[in-house]
Amino acid sequence: MIQWLIPPPETPSLPVADSARRYAVRRILCVGQNYVDHAREMGADPDRPAPFFFSKPAMALVTDGGDPLFPSMTGNLHHEVELVLALGEAAEIVGWAVGCDLTRRDLQAEAKARGRPWDAAKGFDQSAPCGALTTGPGPDAASAIRLSVNGEGRQSARLSDMIWAPHEIVEQAARLWDLGPGDLIFTGTPAGVGPVQTGDRVEAVIEGLAPLSFTMGPPRS
Ligand code: MN
């Protein structure tokens, strides 16, 4: 029997819609610039480049309707609504969810300009609010993906606007990592990213999936 130096941390997990079961998460991979119009608004050429990945720690998840605290060290926190894939034993997609890739946009811009890593811009604590997983074949490509802040529409697209489709993203990620149970993939965001402030109500929807909503909490103290 293992004797721990200190008690092990809880395993991050997602609820499964219409089920008492949960899905244990070990890591979160994220795709950058997977919608043409968002790639353009970020100043990139969206001519189907190979997808690139960054990551967030599993403990960045905010689940079960929780409200994230407003992160430190940013004056420009952005929302990014995304389709989230959950992988199984053979790296097949076993579940689908609505996620929000919260981003310290000012730190990301600085990291890009200096050729530095994105961890502080993307992988901070509570940077990954995520809704319940829906199992099964997943939403069809015509499904709308939308995000509103205080009832005002900010992001609106179709999943078919993705440059790389879910199964293609898994194929590409599998060339770089041994994918398996506990791996979540955030698949990129459409255009319309913008700031979120303390007290803002964020509602994110993908047709066919459990919705995600949260209120941006007070600054972390
Ligand atoms: Mn993103």
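Whatever order the structure lists them in is the order used to number ligands and atoms, beginning at 1. For reference, positions follow the sequence shown, starting with 1.
R104 and S72 share a side-chain donor-acceptor pair at under 3.5 Å. D106 and T74 form a side-chain donor-acceptor contact under 3.5 Å, judged by distance and modelled atom types alone.
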Taking distance alone, no hydrogens or angles, what donor-acceptor pairs closer than 3.5 Å link side-chain atoms of residues 89-99 to residues at least two apart or in another chain?
from	atom 1	to	atom 2	distance (Å)
E92	OE1	E89	N	3.4
E92	OE1	A90	N	2.8
W96	NE1	G136	O	2.9

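Inside a sphere of radius 2.8 Å centred on the Mn ion (ligand 1), the protein N/O/S atoms present are E80 OE1, E82 OE2, D101 OD2.
Screening residues 160-202 for ring pair (Phe, Tyr, Trp, His ring centres under 6.0 Å), with sequence neighbours left out, gives F53-W177.
Hydrophobic cluster membership for V193: M42 (Ile, Leu, Val, Met, Phe, Trp, Tyr linked by side-chain heavy atoms under 4.5 Å, directly or transitively).
Ionic pairing of D101 and K56 is present here: one or more N-O contacts between side-chain nitrogen and carboxylate oxygen are shorter than 4.0 angstrom.
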